[in-house]
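Note: hydrogens, waters and symmetry copies are ignored here, and every other heavy atom, side chains too, is used. Keep in mind that this is a model prediction, so the values were computed, not measured. When a ligand or atom number is given, it counts from 1 through the structure's own listing order.
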Amino acid sequence: MSELRVDAVVIGAGPGGYPCGIRLGQLKIKTAVVEREYWGGVCLNVGCIPSKAVIHAAKTYEKIGHADELGITVGKPTLDMTKLQAWKGGVVTKLTGGVKTLLKGNGVQLVEGKARLDKSGPDGHRVIVDGPQGQQTIIAKSVVIATGSRPMAIPGFAIDQQRILDSTGALVLDHVPQRLVVIGGGYIGLELGMVYAKFGSKVTVVEAMPNLLGTMDKDCVGVVARKLKKMGVEVMLDAKAKSWEDKGDRAVLTIEGKDGKLATIDADKILLAVGRRPNTEDLGLEAAGVKVDKRGYIVADDQLRTSVPNIYAIGDVIGGMMLAHKATKEGETLAEIIAGHKAAVDIRCMPAVVFTDPEVATAGLTEDEARAKGHTIKVGKFPFAALGRALSVNDTDGFAKVICDAKTEEVLGVHIAGNGAGDLISEAALAIEMGAVVQDLNLTVHPHPTLSEAVREAAAAAIGEAVHIINR
Ligand SMILES: Cc1cc2nc3c(=O)[nH]c(=O)nc-3n(C[C@H](O)[C@H](O)[C@H](O)COP(=O)(O)OP(=O)(O)OC[C@H]3O[C@@H](n4cnc5c(N)ncnc54)[C@H](O)[C@@H]3O)c2cc1C
């Protein structure tokens, strides 16, 4: 068995692990990164990037279908799923190749294989890797667990990627199913459900909770719900998927409503999008003494330390908001910590984006959360329909909303539903991180005509100074 001695070993090369490895390399820490399957993790291979590629394709398909509104006649668009998959694959390959190049370029050793913790020795922690070249032991002072997460299943719905798909299966379909049922009205279910609705599937969303998109701003969720309705997507709230039966030519799904009544839905494919669970099994955590919580997430403090000295954990595997940029922030911070710098995860706001149509983006507190924290609030809202840029790109759904403390006028939260919301939200995240007041947003000149003017106008509306709507 070969042996490798390094200062730090990172297990998992997702958006948590690979930036951590790159920063460790930049900080001159001798580092190895081990990956069993996906250089770039879920995000680059079967998550953020491929999903946004198909969302872009679906949006283009829909826009072309409405081009005649702008006086452009192109005829009815047709869809070649094989070509779409090939294009999406190319995007993924470019990015995953880039990850390897960046790691190597920063002096990081790449190790292919599945890693687990072994008993520590006097010279450091030991990690065993089973890879294509056999078994290897890595001895390291510091270990970073960045093993991420995988889709959750529910009893009776074994994922076979034929009838019952998870998000990975839904991203590689070579045809558009006629009838698609999405179980789960969270962001992954709605993003992919909308894609197939745009491509022509009859989509039904079944959600056990009374609302879509969890705790996101209710008004923003309302915009998405209206768009779903307009697209012909049926949404069943307070409805639980109980079981399903394969009838040969179709699946028949049984749903239980709030009143206990059962109903059935016919489907060609069922997409299970009910959440994700941490990859903590087969890692040797118990033997090494690394504590996990009731739900299996590794317990880590604000310096990403686990219950064992010099074993750290980052990203989805420690729970919280399971988002790529959260994993990256933790990975980069941890590299500083391992290098001996004074650093900790100290974040006032973790922005989040849902790439539905229109997009929804959020930073900071919702109105309910702000009130629950004892704030009296002022709220300013500006509709995209009153925005020159939104009208001129024929995309006027949605609004920007700014919430501030009524007394101090500190910006507490910004919520945007609308075209480009995902790009607009970074200004809000900066404002909240810097403790800005609404006048900071209002007095900053925003270029015209841009969608960013919606944020400025919403800030102005919060203090009764909006110019392009009547202040209330
Ligand atoms: C369909 C979909 C869409 C998404 N869209 C977004 C989005 O738009 N924005 C966003 O912020 N987030 C999005 N996410 C979530 C995002 O992908 C995750 O939050 C992010 O990938 C987590 O990063 P990570 O580094 O913690 O883990 P992962 O990306 O899961 O990476 C962990 C890596 O560890 C490897 N690994 C696991 N165990 C071992 C082992 N024992 N040995 C070696 N390697 C191992 C895995 O193979 C994997 O490559 C999406 C997810 C999905 C599924």
Side-chain angles (χ1 to χ4, degrees), residues 9-21 32-56 88 92 96 99 110-117 127-131 136 138 143-152 165-172 182 184 186-193 195 271-285 297-298 300 304 313-332 334 350-356 359-362 421-422 425:
V9 57
V10 182
I11 306 175
Y18 85 75
C20 182
V33 174
V34 189
E35 173 54 51
R36 65 175 182 191
E37 192 178 12
Y38 296 136
W39 293 92
V42 165
C43 168
L44 263 50
N45 292 273
V46 290
C48 321
I49 298 301
S51 63
K52 270 76 245 183
V54 294
I55 287 166
H56 172 71
K88 186 202 76 182
V92 168
T96 52
V99 165
L110 277 61
V111 179
E112 283 192 12
K114 190 171 174 199
R116 69 186 146 85
L117 296 170
V127 169
I128 308 282
V129 181
D130 288 303
Q136 186 175 15
I138 303 178
V143 177
V144 179
I145 303 171
T147 50
S149 66
R150 63 183 183 281
M152 200 139 70
L165 312 173
D166 61 14
S167 54
T168 304
L171 283 168
V172 294
V182 180
Y187 82 95
I188 293 177
L190 294 192
E191 287 182 4
L192 294 176
V195 164
L271 165 60
L272 212 54
V274 291
R276 299 183 61 81
R277 54 187 296 214
N279 290 328
T280 44
E281 295 87 358
D282 307 328
L283 268 178
L285 295 183
Y297 292 99
I298 295 178
L304 294 320
I314 54 173
D316 278 10
V317 80
I318 64 169
M321 288 171 89
M322 290 164 80
L323 295 169
H325 44 278
K326 179 237 177 211
T328 299
K329 180 72 188 168
E330 289 170 352
E332 291 177 4
L334 179 55
M350 182 61 68
V353 182
V354 180
F355 291 84
T356 43
E359 292 174 8
V360 173
T362 171
I425 203 66

Chemist: Does an N or O from Tyr187, backbone or side chain, lie closer than 3.5 Å to an N or O of ligand 1?
Modeler: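 Yes, since at least one N or O of Tyr187 sits under 3.5 Å from an N or O of ligand 1.
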Chemist: With only distance considered, is Glu35 within less than 3.5 Å of ligand 1 through an N or O on each side?
Modeler: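 N/O-N/O distance under 3.5 Å: yes.
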Chemist: Applying a strict 4.0 Å limit to heavy atoms, is Lys326 in contact with ligand 1?
Modeler: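 No, Lys326 has no heavy atoms under 4.0 Å from ligand 1.
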Chemist: Report yes if some N/O of Arg276 lies less than 3.5 Å from some N/O of ligand 1; otherwise report no.
Modeler: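 Between Arg276 and ligand 1 (N or O atoms, distance only) the closest approach is not under 3.5 Å.
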Chemist: I want to know if ligand 1 touches Asp316 in the polar sense, i.e. an N/O pair below 3.5 angstrom.
Modeler: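 In this structure, Asp316 places an N or O atom under 3.5 Å from an N or O of ligand 1.
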Chemist: Answer yes or no: are there more than 12 heavy-atom neighbours, outside Lys329 itself, under 6.0 Å from its atom NZ?
Modeler: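 It does not: Lys329 NZ has 12 such atoms or fewer within range.
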Chemist: Using a 4.0 Å heavy-atom cut-off, which part of Ala352 comes near ligand 1: side chain, backbone, both, or neither?
Modeler: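 Looking at Ala352 and ligand 1, no heavy atom falls under 4.0 Å.
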Chemist: Which residue from Gly47, Gly189, Cys48, Ala13 reaches closest to atom 16 (C) of ligand 1 through any of its heavy atoms?
Modeler: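 The residue whose heavy atom sits nearest atom 16 (C) of ligand 1 is Cys48.
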Chemist: Are any of the N/O atoms in Val42 less than 3.5 Å from those in ligand 1?
Modeler: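 Yes; the residue has a nitrogen or oxygen that sits under 3.5 Å from a nitrogen or oxygen of the ligand.
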Chemist: Would you say the side-chain atoms of Lys114 pair up with the backbone N or O of Val129, donor to acceptor, closer than 3.5 Å?
Modeler: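 Pair absent, no side-chain N/O of Lys114 close to backbone of Val129.
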Chemist: Within a 6.0 Å radius of atom CZ on Arg277, are there more than 12 heavy atoms belonging to other residues, nucleotides or ligands?
Modeler: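 At most 12 heavy atoms, drawn from other residues, nucleotides or ligands, come within 6.0 Å of this atom.
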Chemist: Below 4.0 angstrom from a heavy atom of Gly148, which ligand 1 atoms are there? Numbered from 1 as shown, please.
Modeler: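 Reading through ligand 1 atom by atom, the close ones are 26 (O), 27 (O), 28 (P), 30 (O), 32 (C).
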Chemist: Output yes when the distance from some N or O of ligand 1 to some N or O of Asn279 is under 3.5 Å, and no in every other case.
Modeler: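 In this structure, Asn279 places no N or O atom under 3.5 Å from an N or O of ligand 1.
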Chemist: With heavy-atom distances below 4.0 Å as the criterion, list the atoms of ligand 1 near Tyr38.
Modeler: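 Every atom of ligand 1 under 4.0 Å from some heavy atom of Tyr38: 49 (O).
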Chemist: I need the Met350 CE to His325 NE2 distance, nearest 0.5 Å.
Modeler: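 Going from CE on Met350 over to NE2 on His325, the span is 6.0 Å.
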Chemist: When you compare ligand 1 with Leu171, is there at least one nitrogen or oxygen pair between them that comes in under 3.5 angstrom?
Modeler: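 No, there is no polar N/O contact under 3.5 Å.
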Chemist: Go through ligand 1 atom by atom and flag the ones less than 4.0 Å from a non-hydrogen atom of Ser51.
Modeler: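 Counting from 1, the qualifying ligand atoms are 3 (C).
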Chemist: Given Ile425, which partner from the list Thr362, Val360, Val353 fulfils the side chain to side chain contact (heavy atoms under 4.5 Å, CB included) test?
Modeler: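 Only match with Ile425 under side chain to side chain contact (heavy atoms under 4.5 Å, CB included): Val353.
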Chemist: Is it the case that ligand 1 has an N or O less than 3.5 angstrom from some N or O of Gly16?
Modeler: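 Yes.
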Chemist: Does Ile188 have a non-hydrogen atom less than 4.0 Å from ligand 1?
Modeler: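 Within the 4.0 Å threshold, so yes.
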Chemist: Nearest non-hydrogen atom to atom 32 (C) of ligand 1 belongs to which of Ala313, Gly41, Gly12, Ala146?
Modeler: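 The residue whose heavy atom sits nearest atom 32 (C) of ligand 1 is Ala146.
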Chemist: Please determine if Val46 has a nitrogen or oxygen closer than 3.5 Å to a nitrogen or oxygen of ligand 1.
Modeler: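 No: no nitrogen or oxygen of Val46 is under 3.5 Å from one in ligand 1.
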Chemist: Short N/O distance, under 3.5 Å, between Ala115 and ligand 1?
Modeler: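 Looking only at distances, the answer is yes, because the N/O contact criterion of under 3.5 Å is met.
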Chemist: Would you please determine whether Gly113 falls within less than 4.0 Å of ligand 1 on a heavy-atom basis?
Modeler: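 The answer is yes, since Gly113 has a heavy atom less than 4.0 Å from ligand 1.
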